[in-house]
Peer 1: 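Below is one structure. I have some questions about it.
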Amino acid sequence: MPWIALTSVHIKARLAEEELEEIEATGGGDGDRLSGIIKQVTSLVRASVAACHKNQPGPDGTIPEECLHAAATIAKHDIRASLPTTGGDDDNKLRIEEYRDATGFLMSVARCEIGIENHGGGIAGRDSGCFGGDPK
């Protein structure tokens, strides 16, 4: 999968209509707040990927497409946390679990438990092998 830029479109697609309206009303939809969150989440994902010695980083400002769901979930959580109000208790419990799953996914990437396609192609650690030090 290619490396892509995380955008506001990815995040907005994961928000409820009411949340999106509230974010837009507070000026956070296209302003500095969302762009700052996108930069922070992009850095977090890139650091998680780089933590696994098998991974090769893609172009600056991009993330592996395999990490898009986790990145958009974390960014959604961060932009929602900037709002003055949130949903009910059930909604918050689901959102917290979703956020934990996303951060857990990135921890698995960092521990090399989830393969990331390297920028040049091929899954990290799976495109070559060796036996007794000789490449195969």
Side-chain angles (χ1 to χ4, degrees):
M1 294 184 162
W3 283 59
I4 60 171
L6 178 64
T7 68
S8 61
V9 173
H10 296 125
I11 300 160
K12 289 177 181 181
R14 299 189 42 79
L15 291 165
E17 192 64 35
E18 296 81 21
E19 293 169 323
L20 189 53
E21 288 171 4
E22 192 169 352
I23 290 166
E24 298 287 335
T26 62
D30 292 318
D32 290 339
R33 190 174 350 152
L34 186 53
S35 3
I37 288 170
I38 289 171
K39 286 178 186 174
Q40 292 167 359
V41 172
T42 297
S43 294
L44 172 68
V45 171
R46 290 179 64 83
S48 296
V49 171
C52 174
H53 67 281
K54 298 176 184 177
N55 293 329
Q56 298 171 359
D60 287 346
T62 62
I63 62 171
E65 195 170 4
E66 297 95 329
C67 297
L68 178 59
H69 181 269
T73 298
I74 293 168
K76 175 183 74 172
H77 173 271
D78 291 354
I79 193 71
R80 284 185 79 245
S82 71
L83 297 174
T85 61
T86 59
D89 286 341
D90 289 339
D91 179 53
N92 285 336
K93 288 177 188 174
L94 289 173
R95 302 281 181 156
I96 289 168
E97 186 174 326
E98 181 183 51
Y99 177 79
R100 286 183 183 150
D101 288 346
T103 55
F105 175 86
L106 292 182
M107 285 189 282
S108 293
V109 168
R111 290 189 302 260
C112 302
E113 296 170 353
I114 295 176
I116 298 295
E117 184 174 335
N118 286 325
H119 182 61
I123 301 295
R126 295 188 188 162
D127 50 358
S128 67
C130 69
F131 180 77
D134 295 325
K136 302 291 179 197

Peer 1: Any non-hydrogen side-chain atom of Met107 less than 4.5 Å from a side-chain atom of Ser48?
Peer 2: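 Answer no - side chains too far apart.
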
Peer 1: Atom CG of Asp78 and atom OH of Tyr99: how far apart are they, to the nearest 0.5 Å?
Peer 2: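 The distance works out to 6.0 Å.
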
Peer 1: Among all residues two or more places apart in sequence or in another chain, which pass the side-chain contact (heavy atoms from CB on, under 4.5 Å) test with Glu21?
Peer 2: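 Listed in chain order: Glu17.
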
Peer 1: Of all the heavy-atom pairs spanning Leu68 and Ile63, show the shortest one and how long it is.
Peer 2: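 Nearest heavy atoms, Leu68 then Ile63: CA-CD1, 4.1 Å.
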
Peer 1: In Å and rounded to the nearest 0.5 Å, what is the CD1 to OG distance from Ile37 to Ser8?
Peer 2: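 If we round to the nearest 0.5 Å, Ile37:CD1 and Ser8:OG are 11.5 Å apart.
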
Peer 1: State which residue, out of Arg100, His77, Arg80, fulfils the side-chain contact (heavy atoms from CB on, under 4.5 Å) condition with Arg95.
Peer 2: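 Of Arg100, His77, Arg80, side-chain contact (heavy atoms from CB on, under 4.5 Å) with Arg95 is met by Arg80 alone.
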
Peer 1: Holding to ring pair (Phe, Tyr, Trp, His ring centres under 6.0 Å), I want the full list of residues that pass it with His10, two or more places apart in sequence or in another chain.
Peer 2: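 Counting only residues at least two positions away or on another chain, His10 forms no ring pair (Phe, Tyr, Trp, His ring centres under 6.0 Å).
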
Peer 1: Going through the distances and angles, do Arg46 and Asp60 end up as a side chain to side chain contact (heavy atoms under 4.5 Å, CB included)?
Peer 2: CA-CA 9 Å; Arg46 290 179 64 83; Asp60 287 346; 3.7 Å; yes

Peer 1: Quick one: do Cys52 and Asn55 satisfy side chain to side chain contact (heavy atoms under 4.5 Å, CB included)? Show the steps, please.
Peer 2: CA-CA 6 Å; Cys52 174; Asn55 293 329; 3.3 Å; yes

Peer 1: Let me confirm one number: the CG-CZ distance from Leu106 to Arg111, rounded to the nearest 0.5 Å.
Peer 2: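 Between atom CG of Leu106 and atom CZ of Arg111 there are 10.5 Å.
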
Peer 1: CD/Glu66 to CD1/Ile116 distance, rounded to the nearest 0.5 angstrom?
Peer 2: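 Glu66 CD to Ile116 CD1: 4.5 Å, rounded to 0.5 Å.
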
Peer 1: Quick one: CD1 on Ile79 to CD1 on Ile11, what's the gap to the nearest 0.5 Å?
Peer 2: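 So the gap between those two atoms works out to 7.5 Å.
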
Peer 1: Below 4.5 Å, heavy atoms only, C-beta onward: do Thr7 and Ile38 meet side chain to side chain?
Peer 2: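 No, side chains not in contact.
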
Peer 1: As a quick check of understanding, evaluate side chain to side chain contact (heavy atoms under 4.5 Å, CB included) for Ile114 and Val109, giving each step before the final call.
Peer 2: CA-CA 5 Å; Ile114 295 176; Val109 168; 4.0 Å; yes

Peer 1: Below 4.5 Å, heavy atoms only, C-beta onward: do Trp3 and Val49 meet side chain to side chain?
Peer 2: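 Side chain of Trp3 against side chain of Val49, heavy atoms only: contact under 4.5 Å found.
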
Peer 1: Partners of Thr73 by side-chain contact (heavy atoms from CB on, under 4.5 Å), sequence neighbours excluded?
Peer 2: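 Partners of Thr73 by the side-chain contact (heavy atoms from CB on, under 4.5 Å) criterion, ordered by chain and then number, come out as Arg14, His69, Glu98, Ala102.
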
Peer 1: Please report the closest heavy-atom contact between Ala71 and Leu6, naming both atoms and the distance.
Peer 2: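 That would be CB-CD2, 4.1 Å.
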
Peer 1: Short question: side chain of Glu22, backbone of Glu19 - any donor-acceptor pair under 3.5 Å?
Peer 2: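 No; zero donor-acceptor contacts below 3.5 Å.
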
